[in-house]
A.B. asks: 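Here you go, one structure.
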Protein chains: 2
Amino acid sequence: MPVSGPTYAIGELAQQFDVTTRTIRFYEQEGLLSPERRGKTRVYRDKDRVRLKLALRGKRLGFSLIEIREVLDLYDDRNHGSVRQLERMLEILADKRANLERQLEDIRAMQRELDQVEARCRAALSEIDGDAEIS
Amino acid sequence: MPVSGPTYAIGELAQQFDVTTRTIRFYEQEGLLSPERRGKTRVYRDKDRVRLKLALRGKRLGFSLIEIREVLDLYDDRNHGSVRQLERMLEILADKRANLERQLEDIRAMQRELDQVEARCRAALSEIDGDAEIS
DNA sequence: GTTGATCTTCACGTTAAGGTCAAATCCCGG
DNA sequence: CCGGGATTTGACCTTAACGTGAAGATCAAC
């Protein structure tokens, strides 16, 4: 019972996610998406939408399209293949996880730096304001 | 009293941070670093080391070199300029902060996805193992 | 039916972030 | 003083991720 739900044109999707159609086609070319076709025109379903969303998230995190494809392929692999495949999969997952952890660390450190810069910045400002008010 | 501390050759720095010397020169060309020169050869001090470290962190977070330079320039700006400059600075900082927040969100979401994939993966594995032990 | 808007494929252009030689130059231990 | 490893500048090369037309098909609306 494939309820199948709503479909989208490439332009709609582009608008929803604020990317160009070129980007979406490029992602297809790189194997991240594989919409159906009605004639020659692409027809996207919710599963494609989800993949696009995940892809854009990955991009924001600095993953390459190849890495993103890896994860996406794992994600909905109806080919839960051999033990070997599954173990490879866990390996990749552990790797991604480690990356995310490092990024978290980096972000926290970066936030601390920003705090410091901002503090000094505000100090300088209030000094100027103080002078201004006095004069 | 500029104690000045230790100095480093480009190769040392490259080794310490596991990048090539080309990268370090490129960062200089892009205005991220500005080591002294002893004759023609570059001499790096701890402040350069810190800048490089921050730069690499920024890179891991997906900042462009231009953005990184912006922040670095704010960071040690001995030209705590005009009110206008300082306000611009706070603006940029807020922007960076917002980006970091979104990345945190993205990371958490991504971690949840990985959890799910891994769970299904382990389930599939234990199923196979179970079968194997029975047979 | 024709006029826009949207879609298709094909192909070349662009930008960021370095890689990769090459040829000269520097510097240091013996 | 000198030989070999590290550095320097310069030039061109590469890859990823799209942008930017061109030229034609399609499809709804008037």
Side-chain angles (χ1 to χ4, degrees), chain A residues 6-45 48-49 51-73 96 99 102-103 106, chain B residues 6-45 48-49 51-73 96 99 102-103 106:
Chain A
T7 67
Y8 312 89
I10 192 171
E12 291 179 83
L13 231 56
Q15 216 172 332
Q16 288 179 31
F17 289 105
D18 193 35
V19 297
T20 69
T21 60
R22 175 66 172 94
T23 298
I24 296 181
R25 286 195 201 94
F26 183 70
Y27 284 7
E28 175 176 353
Q29 177 183 325
E30 297 302 304
L32 301 188
L33 302 172
S34 40
E36 299 162 25
R37 300 283 181 131
R38 185 172 1 255
K40 301 206 105 192
T41 82
R42 295 166 170 84
V43 176
Y44 299 87
R45 299 187 174 283
D48 300 303
R49 235 187 74 100
R51 295 195 74 148
L52 180 53
K53 179 150 78 178
L54 292 176
L56 293 175
R57 181 140 73 210
K59 205 192 58 175
R60 284 198 300 273
L61 292 177
F63 290 121
S64 75
L65 294 189
I66 292 177
E67 292 174 311
I68 292 171
R69 189 181 51 192
E70 273 182 14
V71 173
L72 284 180
D73 287 354
K96 302 291 177 205
N99 258 327
R102 208 184 42 179
Q103 286 202 37
D106 283 339
Chain B
T7 68
Y8 312 89
I10 192 171
E12 291 178 84
L13 229 56
Q15 216 173 333
Q16 288 179 30
F17 289 103
D18 194 33
V19 298
T20 68
T21 60
R22 175 66 171 97
T23 297
I24 295 180
R25 285 196 203 93
F26 184 69
Y27 284 8
E28 177 176 352
Q29 177 184 325
E30 297 302 304
L32 302 189
L33 301 173
S34 41
E36 300 162 24
R37 299 284 180 130
R38 185 176 358 258
K40 300 205 105 193
T41 81
R42 296 165 170 84
V43 176
Y44 299 86
R45 299 189 173 281
D48 302 303
R49 234 188 75 100
R51 290 196 131 224
L52 180 53
K53 180 151 77 178
L54 291 176
L56 294 175
R57 182 141 73 208
K59 205 192 58 175
R60 285 198 299 273
L61 291 177
F63 290 120
S64 74
L65 294 189
I66 291 176
E67 293 174 310
I68 291 171
R69 189 182 50 193
E70 273 182 12
V71 173
L72 284 181
D73 286 354
K96 302 291 177 206
N99 258 328
R102 208 182 44 179
Q103 285 201 37
D106 283 340

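Per chain, numbering begins at 1; letters A, B, ... match sequence-line order.
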A.B. asks: Side chains of A:Glu28 and A:Tyr44: does their closest heavy-atom pair fall under 4.5 Å?
C.D. replies: yes
A.B. asks: Please check if the number of heavy atoms outside A:Arg38 that lie under 6.0 Å from its CZ is greater than 12.
C.D. replies: no
A.B. asks: Report the distance from atom OG1 of A:Thr23 to atom CG of A:Leu32, rounding to the nearest 0.5 Å.
C.D. replies: 11.5 Å
A.B. asks: Would you say A:Arg25 places a side-chain N or O within less than 4.0 Å of OP1 or OP2 belonging to C:dT8?
C.D. replies: yes
A.B. asks: Would you say C:dT6 has OP1 or OP2 under 4.0 Å from some side-chain N or O of A:Arg22?
C.D. replies: no
A.B. asks: Would you say B:Tyr27 reaches C:dG18's phosphate, i.e. side-chain N/O to OP1/OP2 under 4.0 Å?
C.D. replies: yes
A.B. asks: Under 4.0 Å between a side-chain N/O of A:Thr23 and OP1 or OP2 of D:dA17, yes or no?
C.D. replies: no
A.B. asks: I need the CD1-C1' distance between A:Ile24 and C:dT8, as an integer number of Å.
C.D. replies: 15 Å
A.B. asks: Taking atom P of D:dA17 as reference, at what distance in whole Å does atom CD of A:Glu30 sit?
C.D. replies: 8 Å
A.B. asks: Check the distance between D:dT8's C1' and B:Ile10's CD1 and give it to me in whole angstrom.
C.D. replies: 9 Å
A.B. asks: Of all the choices, C:dT8, D:dC18, D:dT7, which nucleotide is nearest to the side chain of B:Thr41 once you look at every atom?
C.D. replies: D:dT7
A.B. asks: Rounded to the nearest Å, what distance is computed from the CG atom of residue B:Leu13 to the C1' atom of nucleotide D:dT7?
C.D. replies: 14 Å
A.B. asks: D:dT7, OP1 or OP2 - any side-chain N/O from B:Thr21 closer than 4.0 Å?
C.D. replies: no
A.B. asks: Taking for each residue the nucleotide of DNA chain D bearing the nearest heavy atom, is the 5' side occupied by A:Phe63 or by B:Val43?
C.D. replies: B:Val43
A.B. asks: Taking A:Lys40's backbone N and O only, do any of them form a donor-acceptor pair with A:Arg37's side chain (distance below 3.5 Å, no angle check)?
C.D. replies: yes
A.B. asks: Between A:Arg69 and A:Glu30, is the closest basic N to carboxylate O distance under 4.0 Å?
C.D. replies: no
A.B. asks: Figure out the CZ/C1' separation between B:Phe26 and C:dT15, and round it to whole Å.
C.D. replies: 10 Å
A.B. asks: Could you please name the option among C:dT8, D:dT7, C:dG18 that lies closest to any side-chain atom of A:Arg37?
C.D. replies: C:dT8
A.B. asks: Measure CD/B:Gln15 against P/D:dG5 and give the value in whole Å, please.
C.D. replies: 16 Å
A.B. asks: Whether B:Lys40 contacts C:dA24 is assessed here as follows: a side-chain N or O lying under 4.0 Å from the phosphate OP1 or OP2. Is that the case?
C.D. replies: no
A.B. asks: What nucleic acid atoms does B:Arg38 come within less than 4.0 Å of, heavy atoms only: base, sugar-phosphate, or nothing?
C.D. replies: sugar-phosphate
A.B. asks: How many whole angstroms separate atom CZ of B:Arg60 from atom P of C:dG18?
C.D. replies: 13 Å
A.B. asks: Without decimals, in angstroms, what is the distance between B:Gln29 CD and C:dA17 P?
C.D. replies: 12 Å
A.B. asks: Given C:dT9, is OP1 or OP2 found less than 4.0 Å from the side-chain N or O atoms of A:Arg42?
C.D. replies: yes
